[in-house]
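Notes to accompany the following structure.
Whatever order the structure lists ligands and atoms in, that order sets their numbers, starting from 1.
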Amino acid sequence: MKKRVFLSASALAVMALSSAAVLAQDNTFKIGLILPMTGQQASTGRQIEAAAKLYMAQNGDTVAGKKIQLIVKDDTSIPDVTKRMAQELVVNDKVNVLAGFGITPSALATAPIATQSKTPTVVMAAATSSITQASPYIVRTSFTLPQASVSMADWAASKGGMKKVVTLVSDYGPGIDAEKFFKDRFIFNGGTIVESLRVPMRNPDFAPFLQKVRDAKPDALFVFVPSGAGAAVMKQFLERGMDKAGIKLIGTGDITDDDQLNDMGDGALGVVTAHHYAAAHPSAMNKKFVEAFKKANKGMRPNFMAVGGYDGMRVIYEALKATKGQGGGDALLAAMKGQTFESPRGPMFIDAQTRDVVQNIYLRKVERQGGELHNVEFDVIKDVKDPGKSK
Ligand code: PHB
């Protein structure tokens, strides 16, 4: 008799323990943030991690009764590694949401895992148009190359007064998008593309390509390279005296990346780009964001990657609130679609049909402002949907 009582007491204790464990797990909401923290794209990882942590510091780490746990993994921007990490995060860590993705191949490698496990996956950096079509569980808070490139082509052909342009892009998804959408629109506007050059994505040497551009003598060189590579392009562009030869540098805002711009020197002054975010964006919300970001990160200036991360966290937090902490993957996904809010970049919207970001694209010129180099906005195209989706 005594023994039975003892057994059931310990059985009860075990039960109590395991339900406490279940409860603890139920009360945790896990975000698996996969980023390139080392290697060529490390600045993207550094910016997005800092932004995600700032968002959590500002908005608390308990949402709808759940304790938010951010699990950061370094994929070194190797897509096979991204995929393995996504799998481990889903299967072992049982994350509720996947997020991050510094480059397009990493986002595409993860898409099948998002679909199979029904895990909402927030793409905070990668920007090839087709990414959101690779899985119905992908939502994007960064931008698309067609958004920026079409806007650039319109400005170049009209106010820019440019007639002949050479394009130079990184030879992979976003570069191909940038080239195609700039080219089609520029030709549609009456311009001529003299030559289209593609440089390797990994360890690019721009010198031989820039020599070709000099020889072609266009009015302008349109460039896309991924965040982190802009300073190298600028340096070689200036070293070869392209600006003195009367060739203007234009591009998507990836080349005048706020992460590097201040170190590019006065040679960058006057470069016009089209993009969705500038640290100099003159809104009260952005001023607060930039100040808080710098304060939390030893003066580091946030770039467009940081904003993609910050807004991505916002989309996750609001989805968790809307589902009162009770929703699975499908409910969370539904609550991400259609979110409309003010971002440090300006107004933005997650299109419920495409799950892609709709946002303003700004024309900006590099100027000295408050003793620093900045992308200063001088024109805006409002509520730009991804032009890649209508094709
Ligand atoms: C991408 O790989 O999709 C990508 C990376 C960096 C950028 C833009 C796009 O600046």
Measure [X] to ligand 1 on non-hydrogen atoms and call it side chain, backbone, both or neither using the 4.0 Å cut-off.
| X | answer |
| --- | --- |
| P174 | side chain |
| D254 | side chain |
| F224 | side chain |

Are a donor atom and an acceptor atom from the side chains of T119 and S117 found within less than 3.5 Å of each other?
->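 Looking only at side-chain atoms, S117 and T119 do form a donor-acceptor pair, the distance falling under 3.5 Å.
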
Examine the side chains of Q47 and D259 and answer whether a donor and an acceptor come within less than 3.5 Å of each other.
->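 Result is yes, a qualifying pair exists.
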
Of all the atoms in ligand 1, which lie at a distance below 4.0 Å from a heavy atom belonging to [X]?
| X | answer |
| --- | --- |
| P226 | 5 (C), 6 (C), 7 (C), 10 (O) |
| M305 | 6 (C), 7 (C), 10 (O) |
| A126 | 1 (C), 3 (O) |

Measuring from the heavy atoms of G102, does anything fall under 4.0 Å of ligand 1?
->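 Contact check G102 vs ligand 1: positive.
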
Under a heavy-atom criterion of less than 4.0 Å, does Q41 contact ligand 1?
->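 No; Q41 lies far enough from ligand 1 that no heavy-atom distance drops under 4.0 Å.
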
Can you see which heavy atom on M348 is nearest to which on S343, and at what distance?
->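 So the minimum-distance heavy-atom pair works out to SD-CB, 3.8 Å.
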
Nearest protein heavy atom with distance in Å, relative to atom 4 (C) of ligand 1 =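 Nearest protein contact, heavy atoms only, for atom 4 (C) of ligand 1 is Y172 OH, 3.6 Å.
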
Report, as yes or no, whether the 6.0 Å neighbourhood of atom CZ on F378 holds more than 12 heavy atoms from other residues, nucleotides or ligands.
->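 It does: F378 CZ has more than 12 such atoms within range.
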
Does K217 NZ have over 12 foreign heavy atoms under 6.0 Å away?
->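 Incorrect, the count does not exceed 12.
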
Is a donor on one side and an acceptor on the other found under 3.5 Å between the side chain of S170 and the backbone of Y172?
->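 Checked: no pair found.
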
